[in-house]
Amino acid sequence: MMKHMHKLAAAATGALLSVRTFASSAAPDWVEETFYRSGKINAVIAVVTVVLLGLALWMFRSDRRLARLEKRMNERSKG
Amino acid sequence: MKSWWWKAVGVLLLLYVVIVGLHTPLAPALVHVSEDKLSPGRADVLVTGYNTRFTADAPQAWLENDDQFVCATSATAERDDRLRVVFDVPAGMRRDLSHLVVRSNGRTLVFHDAFWNPAKGDGIAGTGCTPPEEDSAEVFEFPDRSVLYETIRNLFFHVPMWFTMMWLMTVSLFHSLRTLRDNDLEQDRAAVSAVNTGLLFAFLGLTTGSIWARNTWGTWWTSDPQLNGAAAVTLIYLAYLVLRGSVNEMDKRSRLAAIYNIFAYALMIVFFMVLPRLTDSLHPGKGGNPAFSKYDLDHHLRTVFYPAVAGWVLVGTWLYTLRRRARRIEAWLDDEAHA
Amino acid sequence: MRPAEILHLLRLELRLDLHQRHAVGGSLLYVVSAVFVAYQAMQGRAEGTAWNALFWIILLFAAFNTLARSFQREDAGQHLYLYTLADPRNVILARVIYGAGTMLALSLLSFAMYVLFLGHAPMDGGNALQYLIAVMAGGTGFAAVLTLVSAIASRAGNGVGLMAVLGFPIVLPLLLSAIKAGHLALIGMPWSVTGKYLLWLGVIDVIAVALAWVLFPYLWRDR
């Protein structure tokens with residue numbers, strides 16, 4: 001288990017450093033090395049990130065919408 | 001909070017999906033060999049593994065195809081994920097010795113179509129080495145498929161987006177039908193809320209699909225029936241919102257939008273159900289038969305995939321009801337303002 | 001559904017078209033200039049795939065151009081007149097039939113023009129009859145799908161622009177199938193292959209007409 005976590009962490013760092021393409025035909029050794037060691041975990045991290053960001057954006061928009069409603073409600077109860 | 005239990009179920013399911021889906025290791029596999037041609041004579045091959053533990057025991061390696069076997073003269077582990085294998089390749093094999101098999105820690109790892117052999121003949125069937133017996137211990141892990149590797153986990157974060165979108169669009173269709181039947185603005189608000197939420201999942205599906213495609217097929221976008229269908233659906237519902245935006249009168253807007261929704265949904269379903277059957281697709285299981293059983297999900301993936309779909313659908317429904325309730329309050333405030 | 005009423009409505013449409021000849025002429029002129037532009041752009045040398053795609057795009061825009069008139073041209077007076085006299089289901093059926101007839105004529109004409117200008121070289125290795133059937137099924141299919149869209153757009157009071165926005169994604173399945181059928185006809189596939197797509201085009205037509213028939217009364221009524 002620890003071993004696996006370690007790998008994920010390493011891959012996460014890798015993702016931050018470079019989300020580079022692996023498909024280059026004349027790949028230098030280190031690229032090949034990263035590719036085979038990370039097993040494309042970058043793509044999983046990116047996908048999960050996008051989903052979370054999308055949901056977060058949605059929450060922010062809902063928040064703004066509700067804030068607007070609250071404002072209208074308060075104006076009504078005052079006037 | 002109106003009946004909360006299914007929302008909790010949705011969240012718990014997603015929690016399970018994130019934990020098990022990200023934590024389960026991939027099965028050990030061979031991912032790379034340094035040579036692609038085996039000429040007769042001595043051949044020195046460097047094999048790269050993924051999640052393998054070559055140093056933990058003495059791995060055995062052999063070449064195999066169509067009942068021909070050639071065992072390695074030596075297999076030395078350089079690292080846990082690197083194995084140096086030496087073969088004495090005989091001349092005049094009947095077929096290519098295409099598959100490389102490595103047996104390590106009681107597991108048999110196969111690299112299909114690794115090599116081709118020049119100087120074939122029809123005499124020799126093999127060099128008379130018999131591969132060791134298998135003992136299969138069941139381990140909970142995801143299959144390591146070529147091209148996909150770790151991205152097989154995206155199955156839980158990309159595919160359910162489309163399921164959720166389709167579910168929300170179906171909810172919207174239901175409310176559109178009721179809008180026409182009952183002339184009820186609450187039904188109309190439900191329909192548009194479902195479309196709004198569905199579009200969120202459509203965009204998530206498009207973006208995640210694009211990222212996944214870049215990392216497996218090598219392009220951000222391909223002309224695939226699935227992708228075209230997804231793009232068409234997104235455009236249809238954006239058009240639905242444009243239509244709503246261009247009518248001010250609420251009654252009329254509800255009716256026009258409902259009619260367009262029903263018409264579009266019917267044509268879209270037809271599009272989704274039939275077109276992929278007619279053309280080939282890069283998506284697995286498609287091309288001739290999009291039946292889900294053909295998706296060849298193995299049962300370990302299934303135990304996470306089905307909860308993922310259920311969880312995302314529940315959470316999507318939750319988002320939709322939040323939207324709908326906010327809209328209802330907004331409508332009430334509008335009415336009060338006019339009154 | 002009364003055939004006599006549909007016939008009457010069809011005659012009304014025809015009279016309206018004869019009355020507004022400039023509109024019909026506009027559609028024809030559109031096709032001619034589009035084909036001419038395509039001819040200039042392709043330098044008269046279009047290969048199979050491009051030849052096929054270009055033709056369908058021209059036909060698609062011609063369909064939008066023609067079918068937008070279906071409901072846009074009716075003024076409030078005519079709407080009221082039809083509303084009091086006719087059953088809405090008959091109105092939509094008449095409009096779809098009339099639109100399909102117009103599109104049939106227009107697509108055959110466009111095809112003739114297209115072949116005249118851009119040549120029939122891509123068709124030589126293929127099956128011209130299959131292509132012709134695809135053209136006819138596609139053309140009438142555009143009418144079947146776009147007539148209801150035209151009605152929605154006109155009721156929304158937002159003219160041709162909205163019609164394009166609403167119509168393009170909806171017509172996409174039909175368009176892609178038509179392009180595919182045309183492509184298969186051009187490369188000379190047997191009937192067993194192309195026939196599947198032609199049949200499929202017919203199915204879309206039927207579904208679209210059936211939906212228009214069911215949904216139109218809700219659109220028609222002003223509560």
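Hydrogens, waters and symmetry mates are skipped; everything else that's a heavy atom, side chains included, is used. Note on naming: letters A, B, ... go to the chains in the order of the sequence lines (proteins, then strands), and numbering restarts at 1 for each one. Computed from a predicted model, the values in this text were never measured in an experiment.
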With only heavy atoms counted, which part of [X] is less than 4.5 Å from chain B, the side chain, the backbone, both or neither?
| X | answer |
| --- | --- |
| C:Val145 | both |
| C:Leu215 | both |
| C:Ile207 | side chain |

Taking atom types as modelled, find out whether B:Asn261 and B:Ser176 have a side-chain donor-acceptor pair closer than 3.5 angstrom.
->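 Judged by distance alone, the side chains do pair up.
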
Do B:Tyr265 and B:Thr170 get their side chains close enough for a donor-acceptor pair, meaning under 3.5 Å?
->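 Result is yes, a qualifying pair exists.
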
If you tally heavy-atom pairs under 4.5 Å against chain C, which of B:Val247, B:Leu235, B:Ile259 wins?
->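 Of the options given, most contacts go to B:Ile259.
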
Sort out for me which of C:Val165, C:Leu211, C:Leu166, C:Ile152 touches chain B most, counting heavy-atom pairs under 4.5 Å.
->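 Looking at each of C:Val165, C:Leu211, C:Leu166, C:Ile152 in turn, C:Leu166 comes out on top.
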
So which of C:Ala151, C:Ala208, C:Pro169 has the largest heavy-atom pair count under 4.5 angstrom toward chain B?
->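 Most heavy-atom pairs within the cutoff with chain B belong to C:Pro169.
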
Over 60° means perpendicular and under 30° means parallel, so classify the ring planes of C:Phe168 and C:Phe64, tilted if in between.
->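 Judged by the thresholds at 30° and 60°, the geometry between C:Phe64 and C:Phe168 is tilted.
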
Carefully, step by step, assess B:Trp312 and B:Thr164 under the rule side-chain hydrogen bond (donor to acceptor under 3.5 Å, both in side chains).
-> CA-CA 6 Å; B:Trp312 283 114; B:Thr164 312; over 6 Å; no

Hey, mind stepping through B:Glu330 and B:Arg327 against salt bridge (charged side-chain N to carboxylate O under 4.0 Å, His left out) and telling me if it holds?
-> CA-CA 5 Å; B:Glu330 201 172 7; B:Arg327 258 181 205 285; 5.2 Å; no

